[in-house]
Amino acid sequence: MFKKILIANRGEIACRVIKTCCRMGIKTVAVFSDVDRTALHVKMADEAIFIGSAEAKESYLSIEKIIQACKSSGADAVHPGYGFLSENSSFCDALTKAGITFIGPPASAIESMGDKIASKKIAVDAGIFTIPGTLAVVEDAQDAMKIADEIGYPVMIKASAGGGGKGMRIAYTQNEVLEGFASSQNEAARSFGDDRIFIEKFIARPRHIEIQILGDTFGNFVFFGERECSIQRRNQKIIEEAPSPFLTSGVREKMGEQAVALARSVGYFSAGTVEFVVDSDQNFYFLEMNTRLQVEHPVTELIYRIDLVKEMICIAAKKRIAYSQKDIKFNGWAIESRIYAEDPRKNFLPSTGRLRRYSAPSEVDTESLKIRNDTGVYEGASISIYYDPLIAKLCVWAIDRKIAIEKMRDALDRFSIEGIETNLNFLSAVMDNERFELGEFSTAFISEEFPDGFNYKTPDQKVSEYIAIIAACMQEIQENRNAIDASDNDLSNKQLKKVSVVGDEHFTFNFKRLNMKRFVFQRDTNDEFEVEIGWIPGDTLVSALVGNVKLNLKVKSTHGSITLEYREYRTPVQVFNPREFKLSKFMIDQPPVDVSSEILCPMPGLLVSLQVSVGDEVIVGQALCTIEAMKMENILRAEKNGSIKSISKKVGDTLAVNDVIIEFD
Amino acid sequence: MKEILKQLEAKRAEARSGGGTSRVKAQHLKGKLTARERLEVLLDENSFEEFDMFVSHRCVDFDMASNKIPGDGVITGWGKINGRLVYVFSQDFTVFGGSLSETHAKKICKVMDMAMQNGAPIIGLNDSGGARIQEGVASLAGYAEVFKRNILASGVVPQISVIMGPCAGGAVYSPAITDFIFMVRNSSYMFVTGPEVVKTVTNEIVTAEELGGANTHTTRSSVADGAFDNDIETLRAIRRLYSFLPLSNREKPPVLISFDNVDRVETSLDTLIPDNPNSPYDMRELIIKIADEYDFFELQEDFAKNIIIGFIRLEGYSIGVVANQPLTLAGCLDIDSSKKAARFVRFCDAFEIPLLTLVDVPGFLPGVAQEYGGVIKHGAKLLFAYGEATVPKVTVITRKAYGGAYDVMSSKHLRGDFNYAWPTAEIAVMGAKGAVEIIYRSELSDKNKINRLTNSYEERFANPFVAAEQGFIDDIIMPRSTRKRVLQAFGSLRGKKVINPWKKHDNIPL
């Protein structure tokens, strides 16, 4: 077995690999760039080596520097995690040359599967079902149009080297092919240094289901069922589960057999994932093979009770897989929610900065419930513009899907992050979505269910009342303290009356405070219910027991009005005493500041192109400029019709949040 | 007897009705509460005791003799805020436009005298068209009587002004003298001369809101300490502010029960200072994480953002905080920030509120505008204020403390009681590069040598140890334990007694 493993990665996956190494008694070496000096993976590893500046190509993508780090630390194996160098065959070769073991598949398999066009050819030869499309690289935009016309719309334009949604566009018209081809090519060139593009038929309303396989160096293969990864936005997965609520066991078997056949045909070993698109009749087509550990591997680990990283390490150490396919059975249901630093209300644009407050639900590992939070951050850590904005992967395992969803809702409720925008509310909204609950969805789920993007919802009467009750108690906890000094700590059991205003509704409460936490609300003389509030001023979460209903809310502000968040709801609550309430009807809402005549930069980034110039007439939805952040191109579009009055930034400028880029007349 | 009681009730009802239903309605339509309603929100329920309800003016000119309304446009009295005594006056715009007559002024003076005599703060709710023109000089005399009392009360009892409508001409000088001014957005304005006069004299065309609205006074002029969206929100904020203040200079600020843990460790502060010494960070995060329950009442947050001032509590005790803010102008001191902080330091010193100073200051802002604007004298205000302050003073240097600005920011040399530094602190005359370029001016052409010298200067001075060796820094503390250390320091200073040399008064460089 290896003595010391270097993890050529960062963030949660580096931490996750370190944990397994730790359990196996193997020493670990972390590598870090300039902006990761205080990162969690650096703290967790036995030793850490600095490998260069923040840009990935100077550090995490530098084969030379990583090999140097292996040599100086004496590591005898490297785990590449996912992303970065994980699917780079030259890295694999370079390690082998240096006498260091690559914990992953052979270079040849990486190479043949890494290229989407080449891998499709291999799949066809191995008798795997594939999607109609070109197997040749598209020459130019005209060629792209011609191919698209032949296959029939809609088509998918893909970067050959692409992954994670980068360099991928769907086109429904000739014009969109032209536009998509250009931007895919640009993005691909920038992200992967490879601008080869190909086109295939786009399967409408498909599901994205993948099979986890494992092979050893002795030619033994097993597969571990499937992961359902259909909940995606901008072609990036955000919620995954295992098993899929859609597949029959027969189809699962067939998919597994094809996945293993493909792996076998390229002499694969280590962990790998074969991705399929599945149409509504459970026909499945090979999409691509990921020759690495997947982001979403924990859901498989949870239902099969295995440690894929450990398996990878053992296989790399030339051990045999100790079980056969018939021994492999899954149990229960697992869901993963990817918590991203992004603003779901601004079309999921990345949000960077410092995690001022961060508190995650505690991990649980019992026979009936498992909560696992794979993360690479801590309170006080930063999400930089340089890397993937993934904050954490919150995973829940329970005996069935219904309970797993319920427990995931609860875990998300207890996850609180301040300092940057996150998609927590959005994930909660998905968990509460009826179609998601029924398991009836495709990769189009988000665009279908959230066609206008995500925005906080106004709570309905019932939720409003809970929020109103909790806010009234919180205000009393704050107020009461002001009214008493330290020498007279008497909660006095006096009768209280408060009015909570939530949106257009108001709720009048008569209640008593029993002690620091407990209150009794009186609806009528004979209808009382108890409320217990777990909150002290300053806490970012409030846990409440209203009657017998348990709720966890997030506290966003407590002065002026109390702003609370519950799942997809966010609302300020004004808690008044009856006198104040009587007078509150005279108050006039301040007019919101009109900023729609300006295009503000929604995130820190680089202005890569301007599609308009001063004096241009633009219409709603027209592309105005492109900003690149975290290697993603983001197109800012006009929110109203008008003409461009001024442009205050030029291409190449580095932009901060809310910098004015364009002004309208 | 019964008749007389009825008569009293009738008279009271008349006084309570103010300027009548139509004027009250007009007030409400503007989103403004009446003078009495405002007091209801400001004060604890049923705590208000009124003075001079039946006072009316004595003017006979311009048919005023037949036009009398009991109360004469201002409601005065006393009440409680969270059980603590306060004297109040609330101008009634529905009565003669809240204009100030001789008797109106007398009513205000009466409560101010009571406040002084009994040692309790005064809160004035201003909503007045100005002088009662019909009364001529009598009205002006009334203003001056109020000013005089504001001046004498300054530093004796806290005085808070809330501008909730117009406040123009001579009327502005009473709030100007008080300790804090708060405004209501889009319904209040303050100016010495209004838009019409401005237009006639200087040809400038501005609206009342642009000239003297809440936005102007919180962002440009710094006349106001804060602004809120409506009357209720404003008055509730005043109640909150009140909890930080003592009743008078003879008393200590109130101590509230704290739900927070005195030993709370904030590991996240260990990463607050960015790796790059030129990167900014938000000093507000440190303030909030030191404070009991993460609660910070900030003043003047939209003006001179390179310095932060406001109140927090530690173990329930009120503490005034002054902190450089690296997010704006790298946290340097300049004219505006020096003035802003100096006045706050003096307020805290006057009312026995201990001072916590958080330092990350690269120096004073250079430039022609600053020098011509008199940064020397304005900077000296802050220096003076810190130096004369005798309240407990605890200072934490988080990063840069360069040059004269180091001295100014509550240094040991200005009688700082506890001066702590984080390990990331750099206490020096200036940054390494600048220092080397001066010391080795003749060798500037030798880049390698300069680089080497810069590195060695950095090694020698870009740390807190040199200052600690000399005792200018009492200890170097872990960022994570800042709350605990600061809290303990203040705890040990509760018995502090320092008396400045006798003087009639000082001569701060105004």
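Basis for what follows: all heavy atoms, side chains included, without hydrogens, waters or symmetry-related copies. Proteins get letters first, then strands, A, B, ... in listed order; numbering begins at 1 in each.
A distance of 11.5 Å separates CZ in B:Phe296 from NE2 in A:His559, rounded to the nearest 0.5 Å. To the nearest 0.5 Å, the span separating CG on B:Asn186 from CD1 on A:Ile588 amounts to 9.0 Å. Interatomic distance, A:Arg356 CZ to B:Tyr294 OH, rounded to the nearest 0.5 Å: 12.0 Å. Taken from CG in A:Leu583 to NE2 in B:His28, the straight-line distance is 6.5 Å, to the nearest 0.5 Å. Here A:Met587 contributes atom CE and B:Ile232 contributes atom CD1; the two are 4.5 Å apart, rounded to the nearest 0.5 Å.
Contacts between A:Lys585 and chain B at a heavy-atom distance below 4.5 Å are absent for every atom of the residue. Only the backbone of A:Asp34 comes within contact range of chain B, with at least one heavy atom under 4.5 Å from a heavy atom of that chain. In this structure, chain A has a heavy atom under 4.5 Å from the side chain of B:Lys289, while its backbone stays farther away. At a 4.5 Å heavy-atom cutoff, the contact between A:Arg354 and chain B is made by side-chain atoms alone. When heavy atoms are compared at a cutoff of 4.5 Å, B:Arg236 approaches chain A solely by way of its side chain, counted from C-beta outward. Heavy-atom distances place both the backbone and the side chain of B:Asp231 under 4.5 Å from chain A. Only the side chain of B:Asp295 comes within contact range of chain A, with at least one heavy atom under 4.5 Å from a heavy atom of that chain. Both the backbone and the side chain of A:Phe576 come within contact range of chain B, judged by heavy atoms closer than 4.5 Å.
Looking at heavy atoms from C-beta onward, B:Arg240 lies out of side-chain contact with A:Glu479 at the 4.5 angstrom threshold.
Between A:Arg357 and B:Ser268, the side chains place no donor N or O within less than 3.5 Å of an acceptor N or O (distance only, hydrogens not considered).
Each of B:Asp292, B:Asp282, B:Asp270, B:Leu29 has some count of heavy-atom pairs under 4.5 Å with chain A, and the biggest count is that of B:Asp282. Of all the listed residues (B:Glu45, B:Gln27, B:Glu233), the one sharing the greatest number of non-hydrogen pairs under 4.5 Å with chain A is B:Glu45.
For B:Lys30, the NZ atom sits in a packed shell: over 12 heavy atoms of surrounding residues, nucleotides or ligands are nearer than 6.0 Å.
With hydrogens and angles ignored, the 3.5 Å screen pairs no side-chain donor or acceptor of A:Thr38 with any backbone N or O of B:Thr271.
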Determine, stepwise, if the pair B:Glu40 / A:Glu580 fulfils side-chain contact (heavy atoms from CB on, under 4.5 Å). CA-CA 8 Å; B:Glu40 266 182 57; A:Glu580 291 167 337; over 6 Å; no
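Residues B:Glu37 and A:Arg579 are not paired through a salt bridge, judged by the lack of any N-O separation under 4.0 Å between the basic side chain and the carboxylate.
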